[in-house]
Amino acid sequence: MANIALFYGSTTGKTETVAEQIQKEFGGEDVVQLYNICDVEDGDFDEYECMIIGCPTWNIGELQSDWEGYYDELDNLDFSGKKVAYFGTGDQVGYGDNFQDAMGILEEKIAERGGQTVGYWPADSYEFEASKALKNGKFVGLALDEDNQSELTDERIKAWVVQLKRDFGM
Ligand SMILES: Cc1cc2nc3c(=O)[nH]c(=O)nc-3n(C[C@H](O)[C@H](O)[C@H](O)COP(=O)(O)O)c2cc1C
């Protein structure tokens with residue numbers, strides 16, 4: 001079984017593509033198991049100590065629709081003792097007042113349920129007004145912008161995965 005689970009939601013495919021890139025960077029499906037949150041089954045979260053959560057922000061500061069549908073289920077899960085990393089895709093130009101809010105909404109909920117957040121990411125190579133994903137001046141996870149900065153995505157993923165491997169104790 002893979003060591004790490006990556007749970008993602010994606011409406012137009014950008015977050016899904018990024019999820020596959022992150023999986024590849026870790027070493028493939030032997031290391032990271034991908035789960036589309038719309039297909040997730042009871043118990044899938046319980047099996048892993050290390051996990052990655054991926055969610056784009058939609059509809060001005062909201063969760064992607066499949067995550068929206070799953071959000072209340074998170075109240076039934078216990079994340080104590082688990083290390084949880086986050087990534088999001090968003091649009092800092094079109095939605096600069098709500099850039100990456102979804103990542104912040106999910107991190108807040110999962111941390112409340114005991115999850116230990118790992119994989120914080122600096123916010124200085126972006127231009128936006130406000131984000132619920134900012135904590136103490138850093139993003140709670142990897143912020144990607146396929147709409148405006150897709151040329152930076154590969155190098156951002158590579159650097160983040162190096163950092164995460166350390167955080168996950170690999
Ligand atoms: C109607 C609409 C609303 C959006 N709202 C936000 C938003 O509030 N914040 C943000 O950062 N990005 C926002 N975005 C940008 C998407 O998050 C971005 O395109 C994302 O990569 C889509 O991911 P997906 O293809 O995996 O669904 C919005 C895009 C659309 C079309």
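The analysis underlying the following values was restricted to heavy atoms, covering all of them including side chains, and did not include hydrogens, waters or symmetry mates.
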Decide yes or no on side-chain contact (heavy atoms from CB on, under 4.5 Å) for K165 and F26, but give the supporting numbers first.
CA-CA 8 Å; K165 282 182 175 171; F26 264 102; 3.7 Å; yes
Would L77 end up clustered with Y71 when hydrophobic side chains under 4.5 Å apart are linked, directly or stepwise?
yes
Given 3.5 Å as the limit, does a donor-acceptor pair link the side chain of D101 with the main chain of E62, or not?
no
Tell me if a side-chain donor or acceptor on N98 pairs with a main-chain N or O of Y95 at a distance below 3.5 Å.
no
Can you confirm whether D42 is buried at CG, in the sense that more than 12 heavy atoms of other residues, nucleotides or ligands lie under 6.0 Å from that atom?
no
Considering all heavy atoms, the nearest Y86-V140 contact:
CD1-O, 4.0 Å
Are there over 12 heavy-atom neighbours, none belonging to Q33, within less than 6.0 Å of that residue's CD?
yes
Could you state the interatomic distance from OG1 (T89) to CD (Q149), rounded to the nearest 0.5 Å?
12.5 Å
Are there more than 12 heavy atoms of other residues, nucleotides or ligands under 6.0 Å from atom CD of E112?
yes
Counting only heavy atoms not in E49 (residues, nucleotides, ligands), do more than 12 fall under 6.0 Å from its CD?
no
Pair listing, ring pair (Phe, Tyr, Trp, His ring centres under 6.0 Å) test, anchored in residues 50-70, at least two apart:
F45-Y70
Determine whether L142 and L164 make a side-chain contact, defined as any pair of heavy atoms from C-beta on separated by less than 4.5 Å.
no
Given 3.5 Å as the limit, does a donor-acceptor pair link the side chain of R113 with the main chain of D75, or not?
yes
Taking E129 for its side chain and Q92 for its backbone only, find out whether a donor-acceptor pair lies under 3.5 Å.
no
Side chain to side chain, E20 and L34, heavy atoms closer than 4.5 Å:
yes
Checking Q116 against K82 for the side-chain contact (heavy atoms from CB on, under 4.5 Å) test, could you report, in this order, the C-alpha distance in whole Å, the side-chain angles of both residues, the deciding distance, and whether it holds?
CA-CA 6 Å; Q116 181 197 342; K82 296 183 189 294; over 6 Å; no
Nearest heavy-atom neighbours spanning G119 and W160:
O-NE1, 2.9 Å
S10 side chain to E16 main-chain N or O, any donor-acceptor pair under 3.5 Å?
yes
Under the criterion side-chain contact (heavy atoms from CB on, under 4.5 Å), I'd like the reasoning laid out for V31 against I4: C-alpha separation, chi angles, the key distance, then a yes or no.
CA-CA 6 Å; V31 185; I4 303 169; 4.3 Å; yes
Any heavy-atom pair between the side chains of N3 and F168 that's under 4.5 Å?
no
Can a donor-acceptor pair be found, under 3.5 Å and without considering hydrogens, that links the side chain of K83 to the backbone of D167?
yes
Evaluate the side-chain proximity of Y8 to I22: yes if any heavy-atom separation is below 4.5 Å, no if none is.
no
Heavy-atom side-chain contact between V118 and V84 under 4.5 Å
no
Exceeds 12 heavy-atom contacts within 6.0 angstrom, atom CD of E41
no
Using every non-hydrogen atom in the two residues, find where A102 and C55 come nearest and quote the distance to one decimal.
CB-SG, 3.8 Å
Atom pair CD/OG1 of Q64 and T11 - distance to nearest 0.5 Å
3.5 Å
Hey, does M103 have a side-chain heavy atom less than 4.5 Å from the side chain of T57?
no
Distance from I53 atom CD1 to I110 atom CD1, nearest 0.5 Å?
4.0 Å
Looking only at side-chain N and O atoms, does Q21 offer a donor or acceptor that is under 3.5 Å from a partner on T153?
no
Is the distance between the ring centroids of F139 and Y126 less than 6.0 Å?
yes
Do Q100 and S131 have a side chain donor and acceptor closer than 3.5 Å?
no
Value rounded to 0.5 Å, distance of CG in L152 from CG in L144:
9.5 Å
side-chain hydrogen bond (donor to acceptor under 3.5 Å, both in side chains) between D145 and N148: does it pass, once the steps are laid out?
CA-CA 6 Å; D145 184 339; N148 307 288; 2.9 Å; yes
Report the C-alpha separation of F99 and D91 in whole Å, then their side-chain angles, then the decisive distance to 0.1 Å, and conclude whether the side-chain contact (heavy atoms from CB on, under 4.5 Å) test is met.
CA-CA 6 Å; F99 183 49; D91 172 355; 5.7 Å; no
Nearest heavy-atom neighbours spanning Y35 and A5:
CE1-CB, 3.8 Å
Nearest heavy atoms of L6 and A19, plus distance in Å:
CD2-CB, 3.7 Å
Using the rule that Ile, Leu, Val, Met, Phe, Trp and Tyr join whenever any side-chain heavy atoms are under 4.5 Å apart, tell me whether M170 and V161 fall into a single cluster.
yes
Taking the inter-plane angle between the rings of F7 and Y48 on a 0 to 90° scale, is it parallel (under 30°), tilted (30 to 60°) or perpendicular (over 60°)?
perpendicular
If you count every heavy atom of other residues, nucleotides or ligands that lies below 6.0 Å from E73 atom CD, does the total exceed 12?
yes
For V32 and Q23 the tightest heavy-atom approach is O-NE2, 2.9 Å
State, without any angle test, whether R156 and S125 hold a side-chain donor-acceptor pair at a distance under 3.5 Å.
yes
Using only heavy-atom distances, determine whether the side chains of E107 and T117 contain a donor-acceptor pair under 3.5 Å.
yes
